[in-house]
Amino acid sequence: MSIDTTLSELPKQYDHAAAQKRWYPYWEEQGFFHSEPDPVRKPYAIVIPPPNVTGALHLGHALNNTLQDILIRMKRMQGFETLWMPGTDHAGIATQAVVERRLLQEEKLSRHDLGRQGLVDRIWQWKNDYEARIVAQLKQMGCSCDWARLRFTLDEVCARAVRETFFALFKKGKIYRGKRLVNWDTYLQTAVSDDEVFHEPVKGHFWHFSYPVVNPRPGEPTHITIATTRPETMLGDTAVAVHPDPAAALEQAEKELRRRLAEAPAKEKPDLQKQIDEIERRRREMLPSLEKLRDMARRGAMLELPLTYRKIPLIEDEWAKPELGSGCVKITPAHDQNDYDVWQRHPKIGAVNILNPDGTLNKHVPKKYRGLTVKRARDAVVADLGAAELVVEVEDREIDLAHSDRSKTPIEPYLADQWFIKMDELAQSAMDAVIDGRVKIIPERYAKGYLDWLGEKRDWPIGRQLWWGHRIPVWCGTFSFDDFGEELKDKQRRLLEAMQRKLEDTPPEEIEDLNQKKAKFFNESHVAAYKFLQREYGDKVAAQHRPGEELSGVSVFVCVKPGNEHIERELEQRWGLTRVEDVLDTWFSSALWPLSTLGWPEQTKELKYYYPTNVLITSRDIITLWVARMVLMGLHNVGEIPFHEVFIHPKILDGYGEGMSKSKGNGVDPIDVMDKFGADSLRFGLAYLTTETQDVRMPVEFECPHCGKLIEQTRKNRVLPTIECKHCGKRFSTQWAEKPEDKALPRGAVVSERFELARNFCNKLWNASRFALMNLDGFDPGRVLDDELFVEDSWLLSRLATVTEQVSEALEQYRYADAARTLYDFAWDEFCSFYVEMVKGRLQDDVGRMVAQRVLAHALDVLLRLLHPMIPFLTEDVWQRLGRLAPERGIDEPLPAAESIMTSPWPECDPMRQDPEIEAQFARFKEVLRVVRDIRARQNVPPKTPIRFSVRCGADVAELLAPMKPYFSSMAGAEPVEFGPDATAPALSAGATLPNIEVYVDLAGLIDVEAEIARKRREAEKLAGFIAAKEKKLSNAGFVERAPAEVVQKEREGLKDLQDQLAAVKQVIERLTAAL
RNA sequence: AGCCCCUUAGCUCAGCAGGGAGAGCGCCUGUCUUACAAACAGGAGGCCGCUGGUUCGAGACCAGCAGGGGCUACCA
């Protein structure tokens, strides 16, 4: 790689585009990103949270991946065998939904027009496009992933892990099929998990209906009132419930309210009191009738379900709250979670599913409602009940309605057969791992959410009625008894005969007996089937019985171990089984990511070497969805956690404090940021903002592509397809542009000025490096002896040692902002503002030049290495140039520099270089320099006019300051006249007072005396204020007695300093007044 | 409803073993000083959300309140 270091090759501004273009391919070609197990070295591994292929990366991904790359690059430099495993996620529902939507928009086709394979082919195309875009984005950011190992959650390697895991869980009965109420997306026609549902308030109504009582006895009500927000569900009602002990329930509710009233803030008290009054009213007015209803329920009263003319029972159940509504509640087990629970307690009431998968009403409702959508059925039901005069009341009400995150349509609770994973033991294992510290979550507070969520141990519904995903490896069908021998066949025949007889002749004992026989036969036949399957296929298949009780054959689910396609074919062709249509929830494959990417279930050398990985870096919203599931799957599959630490980083918010999302339109493409500011600035800027507790708020602007001016992004304009620039009046397009005429306009990038700090910093570094490179000709490597060092050399080396220590420690603990700020401050305020300034003179001097060059090259070298993880491109660019001029460098023992900064060793702190005395001396120098500059500025002395100054101070300070004399001249244009206890103030001077130091700048003929007097008076007042505060503190007996002695001593000294300063200031005022 | 985070200069944020408030941007005044105007040298600007408590001493610790954001759950 040829690099020129001549000045013409070093522009005044850092050219980020050129550096990125030059160095990323170089790193890749050199194979620096690739890792292979190396028993001699310790491994360090991170698996990327695979971005999903639904869309391109946004700023949140940029943050996530920057933080990973920073650690990876540091660890690589520290000598670990470092692997960053990259890949992408297929994101089942999200991706299919996106592709289907486009298909409809652009070609007016539905997925059914294409068929399963056709649609899946389309989605693969989409995946290929977006994966390429995502990988390109990561590369542009400088991510040092091991691209040779790129995985996709739906590729063959990951599929193998999925199949293996599924088979094992299926065989243990941890995966089962069950009827459960699921969140049904009627648009996509699939179940979605709770995590894929969001709630949004919509305007609705609260209808009160009345159901007639069948044959009410005298004194009993003829109707019972119930209420609902979803009238159409009444068609699926199977009961109405009333509380078994309404009196006690009211009492309980009141007790709870009184408890809260006692603790409530004043503001909420009236409301609570109102609720208590309401309960009392109910006790008076409603309790007797509720108790009557309860008695009716006990005697088995029935109600007539209007419109259907079905009879449904009145039942006792605690779900009916006497303090709410009429005290009675309709029970629709197939369409409401709570009602479902009621059904579980009262199995006899049954459940009626009234919906087709597409959200229309099915054959279980009266003819006239069949085929209607929920919305139209609702209108019809309300109208018909109204006509029957059964509508008691209609209220307007805001309803918090569940919506599918994927299709944005309302969710219908729906009773369906689903595949589940039993979470009891699996969840516990993942909880234990965090509780006992095998997995450490950082920051710690996030462990709570993890444990709470897992603690519920809710079974995980893993089936999705989609086409894009891992198809469930289960075949279902019915074996004929012919296959299982004569004995079973006989039994079947006899049982069938007995059942025939049952119809004619019905003594109850016999029916009971028959049922038992049937159950026994059912078991036997399944055992026979399992044995048969085992005989045929050994342990390559596992079977479960399939709900349903036909006696004509044995209904089974058969799961096939991966790698036995011939068995799969045989199941289909010989036995007539069919494969389950459903695919698995995306998180199933994501949960295996740390294992599947390393080749599990094969015992690969990678798995043995890198697993468990070191850390997982992710955002807080998928702790439960993903992190928890990876832990439990890791423990289940290999008995070992997938990573030792989990670092949860902040979220990126917009200027209004809202999370960035595609749907809100406030997302930012990192490419926009990189085009404008460069990848280094993006990375450093993000790291600089990554503090422990604070999310990153990032107000963004549109950049007009015509005039380059910025336009603030608002809630209003962020969703517009085009925007008119308010500066130049021309239009540009945004991410929302879809119409061809809009898309034809140039696109306005979305950027944030929050990256300016980092951009400026990069430029500062570039120029400091540029200075160094321009002054290194004739560089001669060699050891630098301690007594050759100037004060500024020792100071810089001392600071460098401390900074090295702090940065390493901060990154080790994921304190990215601390690391970035430490480096920023050091590089700018110390290295650039002082060291580079001070070394200038020596570089011009033939004698001093050599040592100065050696220290400068060394310091730059270390600084670059410390910055490399955050700013990879710039540091490599400078490193390469530095390598041309100073291929061997270092002040202890010059060594050849690594061919790339990527492969250079991480700096180590040399405690021998840390020198508090030198740092204190330097601090004195900086203070004096600052006040001299301050006086020049406030007296409006032009920078080029030389000034003279004296410093009155103790001999010790004078001695410290003596070697710094030349620098006052070069850095402040100030000539030191006299340092020491005997230094005197010139007649006309401006002064400044520091603890134990007085500085006088001789300003004869230049000074604005009155302004100076006024300033000094203000200073005196300020000092007097501090003195008063200190005196008060020291006269406080409590302080003097109880505060630590050293603190008291410090205060005393501080007071003395202040008093001295005040005296000095007063003298100056006197002298100036006299000179007036 | 429960839990978590935030509230410090006009803006975005640091500061937290409790010991006289900081940075960047913006603003004001100077400066093309031989690495850097994306810079340099200065400056102005803060009852550290409010109320109590702990302490000799609170921006920091505790409690309550107010406002902002988020997560979880529920609402016939």
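Order of the sequence lines sets the chain letters (A, B, ...), proteins ahead of strands, with each chain counted from 1. The structure displayed is predicted, hence computed values, not measured ones.
Within 3.5 Å, a donor on the side chain of A/Gln13 pairs with an acceptor on the base of B/A38, or the reverse. Taking 3.5 Å as the limit, the base of B/A14 and the side chain of A/Arg821 contain no donor-acceptor pair of atoms between them. A/Lys764 contributes a side-chain N or O that forms a donor-acceptor pair with the base of B/C36 under 3.5 Å.
Atoms CH2 (A/Trp453) and P (B/G70) sit 22 Å apart, rounded to a whole Å. Regarding A/Asp877, its CG atom lies at a distance of 20 Å from the P atom of B/A35, rounded to whole Å. We find that CH2 of A/Trp766 is positioned 17 Å from P of B/A39, with the value rounded to whole Å. Rounded to a whole Å, the NZ atom of A/Lys676 is 11 Å from the C1' atom of B/A38. In this structure, A/Leu710 atom CG and B/G26 atom P are separated by 12 Å, rounded to whole Å. Following rounding to the nearest Å, A/Asp621 (CG) and B/G69 (C1') show an atom-to-atom distance of 14 Å. Nucleotide B/C3 holds its P atom 23 Å from the OH atom of A/Tyr450, rounded to whole Å. One interatomic measurement links the two molecules: CG of A/Asn767 to P of B/A38, which rounds to 11 Å at whole-angstrom precision.
Here A/Glu412 pairs with A/Arg230 under the salt bridge (charged side-chain N to carboxylate O under 4.0 Å, His left out) rule; sequence neighbours left out. In this view, A/Trp828 and A/Tyr824 satisfy the ring pair (Phe, Tyr, Trp, His ring centres under 6.0 Å) rule, not counting sequence neighbours. Residues passing the salt bridge (charged side-chain N to carboxylate O under 4.0 Å, His left out) test with A/Asp339: none are found, sequence neighbours excluded. The side-chain hydrogen bond (donor to acceptor under 3.5 Å, both in side chains) check on A/Asp341 picks up A/Gln337, with sequence neighbours excluded. In this view, A/Lys651 and A/Asp621 satisfy the salt bridge (charged side-chain N to carboxylate O under 4.0 Å, His left out) rule, not counting sequence neighbours.
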Tabulate atom names and distances for all N/O pairs under 3.5 angstrom spanning the protein and nucleotides 59-63 of chain B.
none

Nucleotide N/O to protein N/O under 3.5 Å, stretch nucleotides 5-11 of chain B:
from: B/C5; atom 1: O2'; to: A/Thr693; atom 2: O; distance (Å): 2.9
from: B/C6; atom 1: OP1; to: A/Thr693; atom 2: OG1; distance (Å): 3.3

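Within the 4.0 angstrom heavy-atom criterion, no nucleotide atom of any strand lies near A/Ser326. Residue contacts shown for A/Lys651 are absent, as no nucleic acid heavy atom lies under 4.0 Å away. A/Leu757 comes within contact range of the sugar-phosphate backbone alone, with a heavy-atom separation under 4.0 Å but no base atom that close. Residue contacts shown for A/Phe761 are absent, as no nucleic acid heavy atom lies under 4.0 Å away. At the heavy-atom level, A/Glu1051 lies under 4.0 Å from base atoms of the strands shown. Among the atoms of the strands shown, only primed sugar atoms or phosphate atoms (P, OP1, OP2) are found under 4.0 Å from some heavy atom of A/Arg458. Within the nucleic acid shown, A/Thr332 has no heavy atom closer than 4.0 Å to any nucleic acid atom. Among the protein residues, A/Leu1058 comes within range of the nucleic acid bases, having at least one heavy atom under 4.0 Å from a base atom.
Against RNA chain B, the stretch residues 827-839 of chain A makes heavy-atom approaches under 4.0 Å through A/Trp828, A/Cys832, A/Val836, A/Glu837.
For A/Arg770 and B/A39, the shortest distance from a side-chain N or O to OP1 or OP2 is not below 4.0 Å. Within the 4.0 Å cut-off from OP1 or OP2 of B/G24, not a single side-chain nitrogen or oxygen of A/Asn760 is found. Phosphate contact (OP1/OP2 of B/A35, side-chain N/O of A/Lys840, threshold under 4.0 Å): present. For B/G57, the OP1/OP2 oxygens have no side-chain nitrogen or oxygen of A/Lys1033 closer than 4.0 Å.
In terms of modelled atom types and a separation under 3.5 Å, the side chain of A/Arg770 and the main chain of A/Leu10 share a donor-acceptor contact. Side-chain atoms of A/His335 come within 3.5 Å of backbone N or O of A/Pro413 as a donor-acceptor pair. A donor-acceptor distance shorter than 3.5 angstrom exists from the side chain of A/Trp766 to the backbone of A/Pro11, with no hydrogens or angles considered. Here the side chain of A/His346 pairs a donor or acceptor atom with the backbone of A/Glu316 at under 3.5 angstrom.
The same atom, C1', is picked in B/A23 and in B/C48; the two are 15 Å apart, to the nearest Å. B/U31 and B/C50 have their P atoms separated by 42 Å, with the value rounded to a whole Å. Using P as the reference atom, B/C36 and B/C47 are 41 Å apart when rounded to the nearest Å.
With the nearest nucleotide of RNA chain B identified for both A/Lys944 and A/Arg1042, A/Lys944 has the one nearer the 5' end. Where A/Arg930 and A/Thr228 meet RNA chain B, the nucleotide closest to each residue was compared, and A/Arg930 sits on the side nearer the 5' end.
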Under the rule of Watson-Crick or G-U wobble with both distances under 3.5 Å, where | means paired to another strand and [ ] a crossing pair, RNA chain B maps to (((((((..((((.....[..)))).(((((.......))))).....(((((..]....))))))))))))....

Identify each donor-acceptor pair in which a side-chain atom of residues 1051-1059 of chain A lies under 3.5 Å from a protein atom, sequence neighbours left out, and give them as a table.
from: A/Glu1051; atom 1: OE1; to: A/Lys1030; atom 2: NZ; distance (Å): 3.4
from: A/Glu1053; atom 1: OE2; to: A/Gln1049; atom 2: NE2; distance (Å): 3.2
from: A/Lys1056; atom 1: NZ; to: A/Asp1060; atom 2: OD2; distance (Å): 3.0

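The pair A/Asp829-A/Lys764 does not count as a salt bridge, with every side-chain nitrogen at least 4.0 angstrom from each carboxylate oxygen. A salt bridge does not link A/Arg697 to A/Asp654: none of the charged nitrogens lies less than 4.0 Å from a carboxylate oxygen. The existence of a salt bridge linking A/Asp777 and A/Arg849 is confirmed by a sub-4.0 Å separation between a basic side-chain nitrogen and an acidic carboxylate oxygen.
Side chain of A/Phe771, nearest nucleotide from B/C75, B/A35, B/A38: B/A35. Here B/G70 is the nucleotide among B/C13, B/A41, B/G70 with the atom lying nearest to any side-chain atom of A/Arg620. If you check B/A38, B/A35, B/G42 against the side chain of A/Met774, the one that comes closest is B/A35.
Under the side-chain hydrogen bond (donor to acceptor under 3.5 Å, both in side chains) criterion, the residue pairs touching residues 832-843 of chain A are A/Glu792-A/Arg842, A/Asp793-A/Tyr835, A/Asp793-A/Arg842, A/Glu837-A/Lys840, with sequence neighbours excluded. Residue pairs satisfying the salt bridge (charged side-chain N to carboxylate O under 4.0 Å, His left out) criterion with at least one member in residues 442-456 of chain A, sequence neighbours excluded, are listed as follows: A/Lys448-A/Asp452, A/Glu456-A/Arg458.
Between the side chains of A/Asp317 and A/His243, no donor N or O sits under 3.5 Å from an acceptor N or O.
Geometrically, A/Lys330 does not engage A/Tyr211 in a cation-pi contact defined by less than 6.0 Å to the ring centre and at most 45° from the axis.
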